[in-house]
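Inspection log for the structure reproduced underneath, given as structure tokens.
Positions are given from 1, in the same order as the sequence printed here.
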Amino acid sequence: MSPKGKYIRPYMGTAPIRDLNDPLLLCRSRGMAPELTEIMPVVAGTDITVEWHHYNATKSDNVISPSHRGPCLVYMAPLESNGLGNSWFKIYEQGFNAKRDMWCTDVVRENYGKLRVKIPKNINNGEYILRTEMIALHNARRLGGAQFFPNCVQISVTGATSGNPKMYPIDKLYSPTDPGILFDRKKGGASYVIPGPPVYSP
């Protein structure tokens, strides 16, 4: 979203989160003060490009290991909540594409770390945390084996109409036994159920 990452909340390296009760599941960040990060202007109803990179933003960068295949999910929460309490709603998800035999992480790798996401039109104007997440399922056949890679961006939305999405607390988005969290990827992705609440649709 920014070549210098100035809108991205500082995060703890590239290591995944494995414990759904870990506070770092929120944004993988210990610097959760909103004033530490700038706010990016966004027009509702338009697409933005979110990016993941391992070492740098070049085409040669190994965005994520080819073995770490799984879904991508994007959530929003009002900035004033700082991500606490019932504040999150899902705006995007992509799991397994059977026609292409590709997971969302494969698509991100194919696009050199980039994924286009539409900001909903039917929300309220204001400042938000945009939380992007990839879930790696290579060890997910074991309880606690799924690996979560969340990051957060601060945005200011204009041009929206209005909306009242149902919101959820971050620690209630997933359960360790959800079929999209406890999943044997060797059985194929056709039966995969993307975890979390439904994508917001007014």
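Between F149 and H68, the ring planes lie tilted relative to each other; the angle falls in the 30° to 60° range.
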Evaluate side chain to side chain contact (heavy atoms under 4.5 Å, CB included) for M40 paired with E38, printing each intermediate quantity in order. CA-CA 7 Å; M40 181 179 71; E38 295 186 40; over 6 Å; no

Full working for ring pair (Phe, Tyr, Trp, His ring centres under 6.0 Å) between Y92 and Y75: CA-CA 7 Å; Y92 178 90; Y75 296 87; over 10 Å; no

Using side chain to side chain contact (heavy atoms under 4.5 Å, CB included), reason through V108 and C72 one step at a time and then give a plain yes or no. CA-CA 9 Å; V108 171; C72 309; 3.9 Å; yes

Under the side chain to side chain contact (heavy atoms under 4.5 Å, CB included) rule, what do I123 and V157 come out as? Steps first, then yes or no, please. CA-CA 9 Å; I123 58 175; V157 176; 4.2 Å; yes

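Residues I119 and Y128 are not in side-chain contact: their nearest non-hydrogen atoms beyond the backbone lie 4.5 Å or more apart. With contacts defined as side-chain heavy-atom distances shorter than 4.5 Å, the pair I135/F183 does not qualify. When side chains are defined from C-beta on, R18 counts as touching Q147, because their heavy atoms get closer than 4.5 Å. Looking only at side-chain heavy atoms (C-beta outward), L182 and L143 come within less than 4.5 Å of each other. Within the 4.5 Å cutoff, the side chain of I91 has heavy atoms near those of the L130 side chain. Residues E127 and Q154 have side chains not in contact (no heavy-atom distance under 4.5 Å, counting atoms from C-beta outward). Counting heavy atoms from C-beta on, the side chains of P169 and S87 never come closer than 4.5 Å. Contact check for P66 versus R109: side-chain heavy atoms found under the 4.5 Å cut-off.
Remark: E110 engages R100 in a salt bridge, criterion side-chain N to carboxylate O under 4.0 Å.
E80 pairs by the salt bridge (charged side-chain N to carboxylate O under 4.0 Å, His left out) definition with nothing, not counting sequence neighbours. Taking the salt bridge (charged side-chain N to carboxylate O under 4.0 Å, His left out) definition, one finds that K118 meets it with D47, sequence neighbours left out. Applying the salt bridge (charged side-chain N to carboxylate O under 4.0 Å, His left out) criterion to R28, with sequence neighbours excluded, gives no partner residue.
With D106 contributing its side chain and W103 its backbone, the two residues share a donor-acceptor pair below 3.5 Å. One N or O on the side chain of T161 and one on the backbone of K121 form a donor-acceptor pair closer than 3.5 Å. Side-chain N or O atoms of D178 include none that pairs as donor or acceptor with a backbone N or O of Y174 at under 3.5 Å. No donor-acceptor distance shorter than 3.5 angstrom exists from the side chain of R69 to the backbone of A136, with no hydrogens or angles considered. A donor-acceptor pair is defined here as one N or O able to donate and one able to accept, closer than 3.5 Å; no such pair exists between the side chain of K90 and the backbone of P198. Between the side chain of K166 and the main chain of Y200, no donor-acceptor pair closer than 3.5 Å is present. With hydrogens and angles disregarded, no donor-acceptor distance shorter than 3.5 Å links the side chain of N97 to the backbone of M102. N122 places no side-chain N or O within 3.5 Å of a backbone atom of A160 that could act as its donor or acceptor partner.
If you run side-chain contact (heavy atoms from CB on, under 4.5 Å) between T132 and each of V117, N151, L115, only N151 comes through.
In this structure, V107 is not a member of the same hydrophobic cluster as V74, with clusters built from ILVMFWY side-chain heavy atoms closer than 4.5 Å.
Residues P120 and M76 share a closest heavy-atom pair of CD-SD, 4.1 Å. Here the shortest heavy-atom pairing between L137 and G70 reads CD1-CA, 3.9 Å. The two residues L173 and P197 make their nearest non-hydrogen contact at CD2-CD, 3.8 Å. Residues T49 and R116 share a closest heavy-atom pair of OG1-NH1, 3.4 Å. Contact record, Q94 with I194: C-CD1, 3.9 Å, taken as the closest heavy-atom pair. The shortest heavy-atom contact between P71 and G95 is CB-CA, 4.0 Å.
Put simply, CH2 on W52 and CD on E133 are 9.5 Å apart, with the number rounded to the nearest 0.5 Å. In this structure, SG on C27 lies 8.0 Å from CG on N82, to the nearest 0.5 angstrom. Here I39 contributes atom CD1 and I129 contributes atom CD1; the two are 10.0 Å apart, rounded to the nearest 0.5 Å. Distance check: C104 SG to L73 CG gives 8.0 Å after rounding to the nearest 0.5 Å. Summarising the geometry, atom CG belonging to L25 is positioned 8.5 Å from atom CG belonging to D171; distances are rounded to the nearest 0.5 Å. Residue I155 holds its CD1 atom at 5.5 Å from CD1 of I48, rounded to the nearest 0.5 Å.
Taking a 6.0 Å sphere around OH of Y112, one finds it holds 12 or fewer heavy atoms contributed by other residues, nucleotides or ligands. Surrounding NZ of K114 are at most 12 heavy atoms belonging to other residues, nucleotides or ligands under 6.0 Å away.
A distance of 6.0 Å or more separates the ring centres of Y168 and W88. Aromatic rings from F96 and Y192 are positioned such that their centres are separated by 6.0 Å or more.
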